[in-house]
There are 2 protein chains.
Amino acid sequence: MKLTRRKLEIVSTAAKLFRKKGYNSVSMRDLAQALDIKAASLYNHISSKQEILAIIILEVAENFTEHINTVFPESINSVEKLESVIENHIQITVEKTDALACLNNDWMHLEQSDLESYLVMRNAYEAKMRSIIEQGIQQKQLQDRNVDLVLFSLLSTLRTLHLWYSKNKETSPQLMFEEMKQNLLHGIIR
Amino acid sequence: MKLTRRKLEIVSTAAKLFRKKGYNSVSMRDLAQALDIKAASLYNHISSKQEILAIIILEVAENFTEHINTVFPESINSVEKLESVIENHIQITVEKTDALACLNNDWMHLEQSDLESYLVMRNAYEAKMRSIIEQGIQQKQLQDRNVDLVLFSLLSTLRTLHLWYSKNKETSPQLMFEEMKQNLLHGIIR
DNA sequence: ATTTTAAACTAACAATCGTTAGTTTTGTTA
DNA sequence: TAACAAAACTAACGATTGTTAGTTTAAAAT
């Protein structure tokens with residue numbers, strides 16, 4: 001099924017609802033009501049509830065994948081690569097808040113090939129991030145620490161930044177970027 | 001209803017299932033099957049599915065509340081208070097992994113007075129944490145940054161550490177503590 | 001003006017949901 | 001061993017779930 005204008009409205013409304021209550025707590029009747037139509041009418045545009053979830057999540061996942069794939073091979077140092085990753089996370093947080101929240105909360109409700117696609121992308125993303133960190137340690141730009149825990153410390157904050165942003169929408173991406181760069185890379189101690 | 005031995009078995013089995021699939025994706029029949037009984041038999045021990053969720057979440061929330069209430073008034077400096085908070089998060093992550101994940105993922109499915117209780121505790125917790133950070137900045141132990149973003153950077157990682165731990169159960173709490181203290185407080189840059 | 005297409009509708013389906021009522025089995029106490 | 005309590009069972013309820021079939025309305029193209 002093609003992605004028409006109306007279908008995009010349905011998907012983005014779904015993302016908003018999924019974010020608030022979770023995929024399994026939003027019924028097709030809930031979604032229809034939010035669009036002021038009947039549940040059955042949704043099926044003129046989409047083939048299943050699952051399809052909606054897959055569209056929402058895979059699009060964001062592809063955004064992340066594309067970015068890491070361009071940054072990873074660049075001839076800049078590890079810290080600069082990490083800064084670029086932070087910037088990208090903030091941009092997606094700001095521009096696709098709802099979809100990002102869905103990805104974080106409901107990816108495990110994807111099924112079959114969509115779930116597999118997502119996991120492949122996520123694993124590849126983390127592998128490249130780990131590799132950037134390892135390089136940074138080797139080149140003495142980063143402290144010599146447990147790589148997996150460094151990776152987790154970074155990603156856990158970046159992935160859930162939408163929780164903060166949704167309560168602070170007036171904050172400029174630029175300020176978020178500067179502050180998060182400091183917090184994540186330089187720590188908080190004076 | 002009292003918390004008998006059997007009831008605790010039900011609650012902890014539920015926590016395990018809720019963590020994997022989410023509250024609304026686990027049916028009472030799923031839970032019963034995991035315990036090798038029929039769904040109706042559960043109601044000899046618990047009064048509702050909601051009660052199970054409330055028991056799981058509120059117990060962990062009270063653990064966090066108790067700890068911050070003892071650390072907050074102590075006459076130690078802000079950095080030492082933050083270290084104690086980090087230590088507590090790690091301890092709860094290790095000892096109550098499933099329940100902590102439930103709290104993170106499913107608190108919004110609490111209802112009425114239980115939801116209210118949870119939010120009161122969470123707000124109080126964050127307020128005390130914010131106050132510790134503010135004090136640290138005043139006393140020049142912490143860098144002068146956006147307090148809310150510092151708070152979020154710390155809590156986002158600490159709250160989701162269970163995701164990392166569940167894939168790295170062999171790691172000692174002591175090592176986790178030392179590494180996370182470094183990552184969160186001192187940053188990762190050399 | 002007529003045909004075609006897009007997008008809504010009503011009505012209903014089989015499945016699953018949390019839960020209740022009433023009964024039987026199991027294990028402990030008198 | 002009889003009596004009692006705890007914990008399982010079967011059967012069923014009303015509500016809600018995602019989805020389908022068939023129909024009507026509204027807009028666009030001929």
Side-chain angles (χ1 to χ4, degrees), chain A residues 1-58 102 105-115, chain B residues 1-58 102 105-115:
Chain A
M1 257 187 179
K2 254 190 58 187
L3 249 136
T4 62
R5 198 191 103 285
R6 188 59 167 155
K7 185 167 179 178
L8 274 173
E9 281 177 354
I10 292 173
V11 168
S12 78
T13 302
K16 215 171 296 183
L17 296 182
F18 291 169
R19 169 170 156 225
K20 233 180 287 189
K21 313 205 295 168
Y23 176 71
N24 269 307
S25 306
V26 176
S27 71
M28 293 304 272
R29 285 164 182 82
D30 292 335
L31 174 55
Q33 196 169 40
L35 289 154
D36 216 27
I37 58 176
K38 300 290 174 186
S41 306
L42 293 168
Y43 290 84
N44 284 318
H45 307 278
I46 53 106
S47 67
S48 68
K49 192 184 179 188
Q50 261 293 308
E51 190 202 0
I52 299 178
L53 185 66
I55 291 174
I56 294 171
I57 292 180
L58 293 184
C102 283
N105 302 330
D106 285 321
W107 63 266
M108 73 287 286
H109 298 121
L110 288 173
E111 286 171 9
Q112 302 159 27
S113 73
D114 292 324
L115 176 58
Chain B
M1 254 186 180
K2 255 190 56 185
L3 249 137
T4 63
R5 198 191 105 280
R6 188 57 167 156
K7 185 167 179 176
L8 274 173
E9 281 177 354
I10 291 174
V11 168
S12 79
T13 302
K16 214 171 296 183
L17 296 182
F18 290 169
R19 170 171 156 225
K20 234 180 289 189
K21 313 204 295 168
Y23 176 72
N24 269 307
S25 306
V26 176
S27 70
M28 294 303 272
R29 286 166 181 82
D30 291 336
L31 175 55
Q33 196 170 41
L35 288 154
D36 216 26
I37 58 177
K38 299 293 174 183
S41 306
L42 293 168
Y43 290 84
N44 285 317
H45 306 279
I46 52 108
S47 66
S48 69
K49 192 185 180 188
Q50 260 293 307
E51 189 202 1
I52 300 178
L53 185 66
I55 291 173
I56 294 171
I57 291 181
L58 293 183
C102 284
N105 302 329
D106 285 322
W107 64 266
M108 73 287 287
H109 297 122
L110 289 173
E111 286 171 8
Q112 302 157 26
S113 72
D114 291 323
L115 176 58

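Just so it is clear, the values below take in all heavy atoms, side chains as well, and ignore hydrogens, waters and symmetry mates. Letters go in sequence order (proteins before strands), and every chain restarts at 1.
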To the nearest angstrom, the NZ-P distance between B/Lys7 and D/dA8 comes to 14 Å
When rounded to whole Å, the CG to P distance for the pair B/Leu53 and C/dG18 reads 12 Å
Taken in chain and number order and not counting sequence neighbours, the residues that satisfy side chain to side chain contact (heavy atoms under 4.5 Å, CB included) with A/Ser12 are none
Verify, without hydrogens or angle tests, whether B/Gln50 (side chain) and B/His109 (backbone) share a donor-acceptor contact under 3.5 angstrom.
yes
Whole-Å distance, B/Ile37 CD1 to C/dT25 P, equals 18 Å
Separation of D/dA28 atom P from A/Arg5 atom CZ, nearest Å, is 11 Å
Whole-Å distance, B/Gln33 CD to D/dA8 C1', equals 16 Å
B/S/- along nucleotides 11-27 of chain D (protein heavy atoms under 4.0 Å) is BB----BBBBB------
Open item on the list: With a cut-off of less than 4.0 Å, is there a side-chain N or O of B/Ser41 near OP1 or OP2 of D/dA7?
Closed with: no
Between CD1 of A/Ile10 and C1' of C/dA6 the distance, given in whole Å, is 12 Å
Between CG of A/Leu42 and P of C/dA6 the distance, given in whole Å, is 18 Å
* Asked: Counting only side-chain N and O atoms of B/His45, is one of them less than 4.0 Å from OP1 or OP2 of D/dA6?
  -> no
Taken in chain and number order and not counting sequence neighbours, the residues that satisfy side chain to side chain contact (heavy atoms under 4.5 Å, CB included) with B/Asp114 are B/Ala54, B/Leu58, B/Leu110
Hits for side chain to side chain contact (heavy atoms under 4.5 Å, CB included) against B/Lys21, two or more places apart or cross-chain, chain-then-number order -> B/Ser25, B/Val26, B/Asp30
Output for pair (A/Tyr23 OH, A/Leu17 CG), nearest 0.5 Å, gives 13.0 Å
Applying side chain to side chain contact (heavy atoms under 4.5 Å, CB included) to A/Glu9 and not counting sequence neighbours gives A/Arg5, A/Arg6
